[in-house]
Number of protein chains: 2
Amino acid sequence: MTTIIDVAKAAGVSISTVSRVLNKSQHPVSQETRQKVLDAAATLYYSPSALARALITQDTHIIGIIVGDNQDPFFAAIVRGAEDVARALGFLVIVCNSDRQPDIILQYIQTLNEYRVDGILLAGGGLTDLDYVDKATRLLSMARRRNCAILSLGKQLHPGVLVSNDETLAAADAARYLIQLGHRRICYISGSDNITTTPLRLKGYCQALEEHDIPFNPDLVMAGDYTLQSAQAAARLILKLDQLPTAVLASTDQMAIGCLVALKSAGLSIPGDISIMGINNIEAASCSDPPLTTISLNMYEMGACGIKNLVKLRHGEIDNDFHYTIKHELIVRDSVAPPSG
Amino acid sequence: MTTIIDVAKAAGVSISTVSRVLNKSQHPVSQETRQKVLDAAATLYYSPSALARALITQDTHIIGIIVGDNQDPFFAAIVRGAEDVARALGFLVIVCNSDRQPDIILQYIQTLNEYRVDGILLAGGGLTDLDYVDKATRLLSMARRRNCAILSLGKQLHPGVLVSNDETLAAADAARYLIQLGHRRICYISGSDNITTTPLRLKGYCQALEEHDIPFNPDLVMAGDYTLQSAQAAARLILKLDQLPTAVLASTDQMAIGCLVALKSAGLSIPGDISIMGINNIEAASCSDPPLTTISLNMYEMGACGIKNLVKLRHGEIDNDFHYTIKHELIVRDSVAPPSG
DNA sequence: TTGTATGCGTTATCAG
DNA sequence: CTGATAACGCATACAA
């Protein structure tokens, strides 16, 4: 590899001069020598080592983002939003799939720290596992000491800067919409217990019911785990209820779609017999048949906003207890209608 | 940050000894001092700098992967496959979205090179733009000089190691399946001209027709650009044909689904009135109504296999003209049936 | 305006 | 078995 020394020799100047020219430093350099340096660098195809530079500046311009699974449209949108603004800001993004496994996450945090990344974006609802929270807190605080910016997308049980939706409000708004259409017997498909957002959304569902004096019926709450399969299982349970609900609210679009497909193949018409609504507005939501009514959480913007604030945090432009909330939006499509009869 | 020097002091040994212990080097170290080092490192929460190490070893253990858009299920699967084996092999993955724009790709190649990544994975069909090919070739050859492994997933116009499908065979197998069911009037939705794989697949379609003495009819070939929208446009053209085809083969699942939705909403029954088939087997293919018959290209395995061979190439275990072909597979679902009447 | 020298945190090559 | 010390490639405070 040709180094800055080679360029200096070729241009007949010192390496400091080369460094100044190539880094657009404030330090004055005569037009003449500047050109000599530029020429030499060009003809030698000089490619500066970002590693060596990072070692000195303490600035890698690399950001790590830890997601559950980049194939999940939810995370894919986050990654894309993150990568887009990262690129605009001159950062590279390392994507880490954890499958939500504590040990993988911890391992990645450690590795990213060894690479001295400028920031770590924790995407997706935090884990509730106590041992994990403890270890993560310790590891992350180590990173913070070297000014590594830590930012969470979605509530985490360890402290730190946060960009998130108002999960409770989102679920409540979804339920309210169904209620306003006249639904009173609304099934809710919840998520896994080990994710922090699960109870938040459930709370929103309950709140909406309460506002309209609809008694909470535990039989109408199905446990899910954010997979299509679990939603299909939930659908089977729904079909066994002595009285069918007039609407189903799933805590994610994926599960809403899983449920929709299962109910349809059981012979029910959507939304004729039963309305279905989700939360998230993943791309598949508009492709289902019928298209899914949902609360759009705008994950792309979450990712984008996450990186933006990550960099701000790194530069000390925002505080460590900063919290930003992304607004959600109701998307009305054909999977919901007023209850029949 | 605590450095190797701090650890050495705390353990009362030299930094070389610390390095040896922590790197599990072959060099002999007494059990006693080893333990002292380990203890010191632990109590100081020592985190070795991967940057400094990389500077010396010339080994960053970072791989860059350039994709069109990580939100596209096609690329998402590649990224996941790549990341999985990268992690297993001790590598980090930098994901770069290019939106297939030549200047963004070139910019990324350059940046990745500055970070001295151990390898670059070029995912997705190569661009045909001549100026791009030229510049990319030059840039990539620079990277090769420092033993950066370059591997393409899908045919590129610049030289290098390749992992790919047999695109032509895949498209031919798709068409053959339709023909064997009795279809003779088969529409083909092609892709954009600026991607190398487009003509390869078209060729497969033609081959299959020829094998069965079905004359090639240019009116039945619609131009697409791999988007849902373009597929809907193609569907409109299909509907205007004086005689409807009995089957449609789209060169990607995304377009097949777009076409399917459009034809359905125009009142046609699938596969009753018309059969539809795609290529790729993205996840959405099994969620469409009816589920899509397709040729599975196994993009996850492409990504996984890509990284595996990238690392091999880096270690000189395979040659620079290595070529591996991933086998495809026919997935029969309900969107295809024998022609009616 | 230019150059010299120090240090960033390691690994690796030598001597002991 | 252990320890100096020279790289790795660069940015920067300081000197000229």
Side-chain angles (χ1 to χ4, degrees), chain A residues 1-38 40-41 44-62 111 113-118 142 145-148, chain B residues 1-38 40-41 44-62 113-118 145-148:
Chain A
M1 261 321 339
T2 109
T3 79
I4 197 174
I5 301 183
D6 301 320
V7 178
K9 278 183 187 153
V13 299
S14 75
I15 61 169
S16 3
T17 304
V18 175
S19 176
R20 282 166 193 141
V21 171
L22 267 32
N23 292 317
K24 310 179 203 329
S25 119
Q26 301 303 330
H27 203 104
V29 174
S30 82
Q31 202 45 246
E32 191 187 8
T33 44
R34 175 182 307 276
Q35 197 53 53
K36 278 195 297 190
V37 170
L38 259 20
L44 288 179
Y45 296 110
Y46 172 62
S47 165
S49 164
L51 295 178
R53 172 183 301 153
L55 200 53
I56 294 201
T57 61
Q58 308 276 43
D59 245 57
T60 53
H61 279 237
I62 298 180
T111 303
N113 195 36
E114 293 185 356
Y115 278 85
R116 304 299 188 251
V117 294
D118 288 352
M142 304 267 2
R145 289 215 191 102
R146 41 164 274 268
N147 194 28
C148 173
Chain B
M1 256 338 320
T2 109
T3 78
I4 198 174
I5 302 184
D6 301 320
V7 177
K9 277 182 187 156
V13 300
S14 74
I15 61 170
S16 346
T17 305
V18 175
S19 178
R20 280 165 193 144
V21 172
L22 268 31
N23 290 318
K24 311 179 200 336
S25 113
Q26 301 303 332
H27 203 105
V29 174
S30 82
Q31 201 45 244
E32 192 185 8
T33 45
R34 174 183 305 276
Q35 197 53 51
K36 278 195 297 188
V37 169
L38 258 21
L44 289 179
Y45 297 110
Y46 172 62
S47 165
S49 165
L51 296 178
R53 171 181 305 154
L55 198 53
I56 293 208
T57 61
Q58 307 275 44
D59 243 59
T60 54
H61 278 237
I62 297 180
N113 195 35
E114 293 185 355
Y115 277 85
R116 305 299 189 251
V117 294
D118 289 353
R145 290 217 189 102
R146 39 165 275 270
N147 194 27
C148 173

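Lettering follows sequence order; numbering is per chain, from 1.
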Mind listing the side-chain donor-acceptor pairs of residues 2-14 of chain A below 3.5 Å, one per line with the distance, residues two or more places apart or on another chain?
| unit_1 | atom_1 | unit_2 | atom_2 | d |
| --- | --- | --- | --- | --- |
| A:Thr3 | OG1 | A:Ile5 | N | 3.0 |
| A:Asp6 | OD2 | A:Thr3 | N | 2.7 |
| A:Ser14 | OG | A:Ser16 | N | 3.4 |
| A:Ser14 | OG | A:Ser16 | OG | 3.1 |
| A:Ser14 | OG | A:Thr17 | N | 3.4 |
| A:Ser14 | OG | A:Thr17 | OG1 | 3.2 |

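- For B:Pro28, the listed nucleotide lying nearest its side chain is D:dC1; candidates were C:dT2, C:dT1, D:dC1.
- Applying the side-chain hydrogen bond (donor to acceptor under 3.5 Å, both in side chains) test to pairs two or more places apart or on separate chains, those with a residue in residues 47-56 of chain B are A:Arg116-B:Ser47.
- Here D:dA4 presents its C1' atom at 15 Å from NZ of B:Lys9, a figure rounded to the nearest Å.
- When the side-chain contact (heavy atoms from CB on, under 4.5 Å) test is applied to B:Gln58, no partner is found at least two apart in sequence or on another chain.
- From one end of the helix from C:dT1-D:dA16 to C:dG16-D:dC1 to the other, with five pairs defining each end axis, the axis direction shifts by 50° (rounded to 10°).
- In terms of the salt bridge (Lys or Arg N to Asp or Glu O under 4.0 Å) criterion, residue partners of B:Asp59 (sequence neighbours excluded) are, by chain and number, B:Arg314.
- Following rounding to the nearest Å, A:Gln35 (CD) and C:dT1 (P) show an atom-to-atom distance of 16 Å.
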Task: Contact state string [nucleotides 9-16 of chain C, B base, S sugar-phosphate only, - no protein heavy atom under 4.0 Å] - done: BBBBBB--
Could you pull out every donor-acceptor pair under 3.5 Å between side chains of residues 24-32 of chain A and any protein atom, sequence neighbours left out?
| unit_1 | atom_1 | unit_2 | atom_2 | d |
| --- | --- | --- | --- | --- |
| A:Ser25 | OG | A:His27 | N | 2.9 |
| A:Ser30 | OG | A:Thr33 | N | 3.2 |
| A:Ser30 | OG | A:Thr33 | OG1 | 2.7 |

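- Distances shorter than 4.0 Å separate some side-chain N or O of B:Thr33 from OP1 or OP2 on D:dT2.
- Phosphate contact (OP1/OP2 of C:dG3, side-chain N/O of A:Thr17, threshold under 4.0 Å): present.
- Among A:Thr60, A:Ile62, A:Asn147, the one residue that satisfies the side chain to side chain contact (heavy atoms under 4.5 Å, CB included) test with A:Asp118 is A:Thr60.
- Remark: B:Arg145 pairs with no residue by the side chain to side chain donor-acceptor pair (under 3.5 Å) rule, at least two apart or across chains.
- Residues passing the side chain to side chain donor-acceptor pair (under 3.5 Å) test with B:Gln35 are B:Asp39, sequence neighbours excluded.
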